[in-house]
> 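Before anything else, here's the structure in question.
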Amino acid sequence: MSQKVRTRYAPSPTGFQHIGGIRTALYCYLFTRKVGGSFILRIEDTDQNRYVPGAEEYIVESLKWCGIKCDEGSHVGGEYGPYRQSERKETYGIYAQQMLESGHAYYAFDTSEELTAKRKEYEAQKKVFKYDPSTRMSMRNSISLGKEETEALLAANTPWVIRLKIPADEEVIVEDLVRGMVRVNSNEVDDKILLKGDGMPTYHLANVVDDHLMEITHVIRGEEWLPSTPLHVLLYRALGWEDTMPKFAHLPLILKPTGKGKLSKRDGDKMGFPVFPLAWQHPTNEESSTGYREIGFFPEAFVNLLAFLGWNPGTTQEIFSMDELIAAFSIDRIGKSGARFDWDKAQWFNQQYIKEAAGSTLAEAAIKVAPDAYKGTDLDFLASACELMKERMTFINDIWEKGYFFFESPKEYDAKVVRTKWKEERVPLFHQLKEQFAALDNFSAANVEATVKAFMQEHGLGFGDVLQVFRVMLAGTKSGPPIFEMAELLGKTEVLKRMEESAKTFDEMKAA
RNA sequence: GGCCCGUUCGUCUAGGGGUUAGGACGCCAGAUUUUCAUUCUGGUAACACGGGUUCGAUUCCCGUACGGGCUACCA
């Protein structure tokens, strides 16, 4: 009974997976690592119409960025391959055939048009059409038509699908690790298509067959699959695999911040934050979106915040490394209700990681996302700048945006400070201060500070009068990192240059 | 519509038959800081409703309301 745990993350490459998918993969991964099992990536590409080139690579890259390592999968191989359902097409046919022979499935010849018409007909009577024991005798299939006619239709190459023959009035019990026992009567389930007209399996068949063949022990997936789980149980039963059926755990959904509906890919950047781990550009249309990586998140922070959306350790600790998450994770601490995505809290997580990071770590991360103009920035200089800026950064990119003045002269100056503090009678004084700086041999923060303080005393000026002007001269803004350290980092030449430039601009601003 | 799942501060959540219902984010106030930020201190704010069960329910049961999911030859 001590069978090795095997789990899988099974996305379909019909688009770029968003944070909900990543969270599912993460929970699955944490659980698997915790118990020393194998984590598998399986690509469910049975829908050739919705296939998006590049989506599979995107999934692999996302997982890699998050630090989620696959033991088996389409990109790493393994003993249970192939791991791409399109490459296992024949396998599903065999099992569909098996169910046909055992009487658990049947051929259906109804066309899409006929089915649509049927649905409309029912809808007109305010009813919902369901292909099930109560209606299948009135449809065109191997049960209603009989053996002879079926064989004739097959021989004439009439298009067909294979449907599961749902038993009438049977109790189906799903034992869910998150929700407990869920009981459904088989009358609620319909005769789902197993094998489509193009010979490809539907999700249900492919999923059950692969989970069985790959010896998956735990199916961890989103709550949207809970309603079709009874169907899956019935499928295991029809295939004679019920005794080795995996355990199920259905995860609560991640909801939009408004609480209206689950977070979806289409939300893109519309909600004011990324819903994708990585930026992407659709291969065939103009659509694109940014990701957490590009916006300047640490993958560790991203993983951390995702872990807390629907799970908690039961302690007050909130900052967790991947290893700590693995150690602390357990399925029974997963919540049951959907969690709204909270952008404020998400930012807070990243801020925590930035605050704790060394300047050099920040610099390495920052240079990767640097705008073209700053790509050549010296790493040591950048590290020092990050060190001074990190307590006011939320994203790694903030060093390039909020802290751009480390790398070039201010683009604009705080107008209010200029208006109130750049007084005509004091202008010569600032030129004098500049000369005093010029005379410094060692342009250290301490020396700059001493110079400024002596200057203030000599002329009877306060901190606000001098420091605010000095700050605006160097950074353009009246808020920012410690000014003396910043001056030291910029260096004497640059400071003198900026003082000169800004003094001119200040004069012009006053004159205007 | 039918079926399934859910419901503790605005948000993420802890808790659990008798608690001052705890923490975090956000927000507000104060302290520190040359500015901003950080940090610290304090504050604001919740058991959806109605019936049971019980000496006692936020906690257990039932119903209602509300929210979410599913209802395709999509996953």
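In what follows, chains carry the letters A, B, and so on, assigned in the order in which the sequence lines appear, proteins first and then strands, with residues in each chain numbered from 1. Computed over heavy atoms, backbone and side chain alike; hydrogens, waters and symmetry mates excluded. These figures come from a predicted structure and were not determined experimentally.
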> Looking at RNA chain B, which of residues 307-319 of chain A put a heavy atom within less than 4.0 Å of it?
A/F308, A/G310, A/N312, A/T316, A/E318
> Could you state the atom-to-atom distance from CG of A/L231 to P of B/C74 in whole Å?
14 Å
> When you get a sec, tell me which of B/A75, B/C4, B/C36 is the closest nucleotide to the side chain of A/R392?
B/C36
> Going by atom types alone, do A/E171 and A/N185 pair a side-chain donor with an acceptor below 3.5 Å?
no
> If you pin A/E223 and A/E44 to their nearest nucleotides in RNA chain B, which one's is more 5'?
A/E223
> Rounded to whole Å, please give me the gap between NZ in A/K345 and C1' in B/G26.
10 Å
> Would you please name every residue forming a side-chain contact (heavy atoms from CB on, under 4.5 Å) with A/A363, sequence neighbours left out?
A/L379, A/L382, A/A383
> Has the side chain of A/R179 got a donor or acceptor atom sitting under 3.5 Å from an opposite partner on the base of B/C5?
no
> Grab the CE-P distance between A/M139 and B/A72 for me, whole Å please.
13 Å
> List every contact pair, protein side and nucleotides 39-44 of chain B side both N or O, where the distance is under 3.5 Å.
from, atom 1, to, atom 2, distance (Å)
B/U39, OP1, A/K355, NZ, 2.6

> I want to know whether A/F273 and A/F341 have ring centres closer than 6.0 Å.
yes
> Any non-hydrogen side-chain atom of A/S144 less than 4.5 Å from a side-chain atom of A/R136?
no
> Is the Lys NZ or Arg CZ of A/R163 less than 6.0 Å from the centre of A/Y131's six-membered ring, within 45° of the axis?
yes
